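As structure tokens, the structure follows; a few thoughts come after it.
From a predicted model like this one, the values you see are computed outputs, not experimental measurements. Residue numbers begin at 1 in each chain, while the letters A, B, ... track the order of the sequences.
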2 protein chains.
Amino acid sequence: MSRASDRAYEGIRGMIISGELPAGAPLGEEALADSCGVSRTPVREALRRLEAEMLVRRTESQRSFVADWSLDEIEDVFELRAMLEGHAARRAAERMDQATLGKLRESNERIGTAISGQEPDIDAFLEGNRIFHSLILDIASSPRLTSLLGSLIEQPVVWRTAHHYGREELRRSHREHDELLAAFARRDGGWADSIMTGHIRRAFHAYADAHRGLSSIDRTRQRAKA
Amino acid sequence: MSRASDRAYEGIRGMIISGELPAGAPLGEEALADSCGVSRTPVREALRRLEAEMLVRRTESQRSFVADWSLDEIEDVFELRAMLEGHAARRAAERMDQATLGKLRESNERIGTAISGQEPDIDAFLEGNRIFHSLILDIASSPRLTSLLGSLIEQPVVWRTAHHYGREELRRSHREHDELLAAFARRDGGWADSIMTGHIRRAFHAYADAHRGLSSIDRTRQRAKA
DNA sequence: CCTGTGTGATTTGTATACAATAGACATTGA
DNA sequence: TCAATGTCTATTGTATACAAATCACACAGG
């Protein structure tokens, strides 16, 4: 974390995820270097990493831009996530132990608390979700799978729209986690796979619905910036 | 191809795949720069790309080495490939057209020719295989899936041991491709998925068997280099 | 004999200068 | 007016110098 290339990576990534740099924004190396307080060399390295994670795109003439995702591409990502996380859940169920099961239960209880109040705490919900899924990934014990999913999860566009989830979606997500826990407790890999796959696919449709409602706003906003 | 960073990438990658740089060999930036005729800057970029493809590993102190794979890790990779290529085959079947089907048939005929002679032409077999699978990936029309598989296929260790495949494995691979063609012709995604998944899983066991037979030789060879 | 420590050599991280290349824009000619 | 072309600017690619970190090994102390 102390290295300049990490600062550049965190900085640029943060600006993309927060929306400070909107989709399609040009990413000049010099400008980024200034804004991160480092030289171009670590910025270049950060850009390559972000490109590998598909948060950044490069034209054939090597200019970098904030990646801009079509709904088709996003569906594509969710489809793959559904498959891979389903697989992770299957492996996790087969390898489940009491300690991890306890931590998963605890994590989902925190999610329950976060969404039970009058005004749901979305950030706490997202953080709990992150922990829940990463516990599963850990016990699935497949570094390669972890690495593949790493390039698919944490889509900024998804993160941002999670704030538009309704109470219903949040509650349903929490219930699906509970069902997953039941499958884990019984070490039933096939069951866990099915629930997780459905969980992710449902998340896509929740996203798509929210996005369609937002799309006209987004387009206006983008025109205003251009 | 004309850029120095590409020369460095191709050069280092070639040395790893050919075995000139064996698994575990240290990859000093200066030495690589000299051997590729470029400066350290493009070498660094090439190393990061190769690290993302998991052909190169870095210690926590940032020193790079040629990745060395345990059998468990290789099984892990094959398991994921089986799932992802199965998925690709399913999508390909659903989107199949006559032109692609023709190219796939032609490609598998070339594979048949390559292995029908007295002495099978392994390089032609591998090249035909590569084309066959990449045609499927193309028509599957999922850039993200292509990118995920890109980081799993082309394991040097697999490439090298393909030369130890027996006539039986080569013939069986050819037949399985034919069955895949039948599934494609009928646009039966589920069937295509099953065949492809089995095809890859079988390939793993062929590899594992060959590897176990070879392991003592490999270890001797590695000791000789050290 | 083993362990811990310090020093020198090696290696990587970063900044910067310069070269090459792509993009923008204006000028010129039809 | 439109198109082609040349120049000028902005951006990326590469090399290199220097700083920081790490490793290897010798040496002292227990």
Between P of D:dT11 and CZ of A:Arg44, the distance in whole Å: 14 Å
N or O in side chain of B:Arg58 less than 4.0 angstrom from C:dG13 OP1/OP2: yes
Could you tell me which residues satisfy salt bridge (Lys or Arg N to Asp or Glu O under 4.0 Å) with A:Glu94, sequence neighbours excluded, listed by chain and number? none
Under 4.0 Å, heavy atom to any atom of DNA chain D: which of residues 28-38 of chain A qualify? A:Gly28, A:Glu29
Might you point out which heavy atoms bring A:Leu152 and A:Val77 nearest each other, and give the distance in Å? O-CG1, 3.8 Å
A:Asp6 CG - C:dT12 P separation (whole Å): 17 Å
Of the nucleotides C:dG13, C:dA15, D:dT14, which has the atom closest to the A:Arg3 side chain? C:dG13
Any idea how A:His199 and A:His133 line up, ring-wise: parallel (<30°), tilted (30 to 60°), or perpendicular (>60°)? parallel
Less than 3.5 Å apart, any donor N or O on the side chain of B:Asp193 or B:Thr197 sitting next to an acceptor on the other? yes
Name all residues meeting the side-chain hydrogen bond (donor to acceptor under 3.5 Å, both in side chains) criterion together with B:Arg95; count only those two or more places apart in sequence or in a different chain, and write none if there are none. none
Taken to the nearest whole Å, CZ/A:Arg49 to P/C:dG13 is 12 Å
Need one value for A:Leu27: base, sugar-phosphate or nothing, where a base atom within 4.0 Å counts as base even if backbone is also close, heavy atoms only. sugar-phosphate
Search all heavy atoms of B:Ala82 against all heavy atoms of B:Arg201 and return the closest pair with its distance. CB-CG, 3.8 Å
Atom pairs and distances, donor-acceptor, side-chain atoms in residues 28-39 of chain B, under 3.5 Å, two or more places apart:
unit_1  : atom_1 : unit_2  : atom_2 : d
B:Glu29 : OE1    : B:Arg40 : NE     : 3.0
B:Glu29 : OE1    : B:Arg40 : NH2    : 2.9
B:Glu29 : OE1    : B:Arg44 : NH1    : 3.2
B:Glu29 : OE2    : B:Arg44 : NH1    : 3.0
B:Ser35 : OG     : B:Leu32 : O      : 3.4
B:Ser39 : OG     : B:Thr41 : N      : 3.4

Throw together a table of side-chain donor-acceptor distances under 3.5 angstrom for residues 96-105 of chain B, partners on residues two or more places apart or in other chains.
unit_1  : atom_1 : unit_2   : atom_2 : d
B:Asp97 : OD1    : B:Ala99  : N      : 3.2
B:Asp97 : OD1    : B:Thr100 : N      : 2.7
B:Asp97 : OD1    : B:Thr100 : OG1    : 2.8

May I ask you to decide if B:Glu169's main-chain N or O and B:Ser173's side chain share a donor-acceptor pair within less than 3.5 Å? no
Nearest to the side chain of A:Gln62, heavy atoms from C-beta on, is which of D:dT12, D:dA15, C:dA15? D:dT12
Closest nucleotide among C:dT14, C:dG13, D:dT14 to the A:Ser39 side chain: C:dT14
C:dT12 P sits how many Å from B:Leu47 CG, rounded? 8 Å
Between N or O atoms, less than 3.5 Å apart, protein on one side and nucleotides 17-25 of chain D on the other: list the pairs.
unit_1 : atom_1 : unit_2  : atom_2 : d
D:dC23 : OP1    : B:Ser61 : OG     : 2.9

